[in-house]
Amino acid sequence: MRSVPPRVGHERGPGGGRHVEVRLLRFADTLRIEVSDARGERRPESCEPAEGAASGYGLPLVAALATKWGVVERNGVGKTVWAECLWP
């Protein structure tokens, strides 16, 4: 596990970051990216950020670049946001 610096993470934990787990899985023609955290009560939703907003661009960017993406609950606690992209 790695702590995400405050400028990347939205929730602050001990040391100013939050703990997330990042997994990259490569299949024949697909790269799957998974980002997991312990915040199960907050499920991300894709929406258009307000003009000039400092945040809200992540999921629209993922949706534009990925062939598919979603959110699943983790065993135990938290959630995993995943995205799959074609791998040449």
Side-chain angles (χ1 to χ4, degrees):
M1 257 192 212
R2 181 168 187 255
S3 180
V4 177
R7 65 185 172 277
V8 177
H10 295 288
E11 291 80 28
R12 307 280 192 279
R18 67 178 173 160
H19 294 284
V20 298
E21 179 182 353
V22 177
R23 290 176 24 136
L24 302 175
L25 305 164
R26 183 167 177 213
F27 301 100
D29 63 348
T30 304
L31 175 66
R32 182 179 174 105
I33 304 146
E34 298 179 350
V35 180
S36 303
D37 67 17
R39 299 278 317 249
E41 73 279 4
R42 286 188 60 195
R43 294 181 64 87
E45 296 180 17
S46 185
C47 60
E48 282 294 315
E51 186 174 330
S55 64
Y57 297 93
L59 285 180
L61 181 61
V62 168
L65 298 174
T67 54
K68 57 185 173 179
W69 69 275
V71 182
V72 294
E73 291 184 25
R74 292 180 71 186
N75 291 336
V77 64
K79 66 183 173 304
T80 298
V81 179
W82 60 269
E84 293 182 357
C85 303
L86 291 178
W87 187 268

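Keep in mind the model is a prediction, meaning the values are calculated, not measured.
Remark: Arg23 does not engage Glu21 in a salt bridge, criterion side-chain N to carboxylate O under 4.0 Å.
The distance from atom CH2 of Trp69 to atom CD of Glu34, rounded to the nearest 0.5 Å, is 14.5 Å. To the nearest 0.5 Å, atom CH2 of residue Trp87 and atom CG of residue Asp29 are 12.0 Å apart. Here the straight-line distance linking atom OG1 of Thr80 with atom CD1 of Ile33 works out to 13.5 Å at 0.5 Å rounding.
When all heavy atoms of Asp37 and His19 are compared, the closest pair comes out as CB-O, 3.9 Å. The minimum heavy-atom distance linking Ser55 with Pro49 is given by the pair O-CB, 3.7 Å. Counting all heavy atoms, side chain and backbone alike, Trp82 lies closest to Val72 at NE1-CG1, 4.0 Å. Contact detail for Val62 and Ala83: the closest heavy-atom pair is CG1-CB, 3.7 Å.
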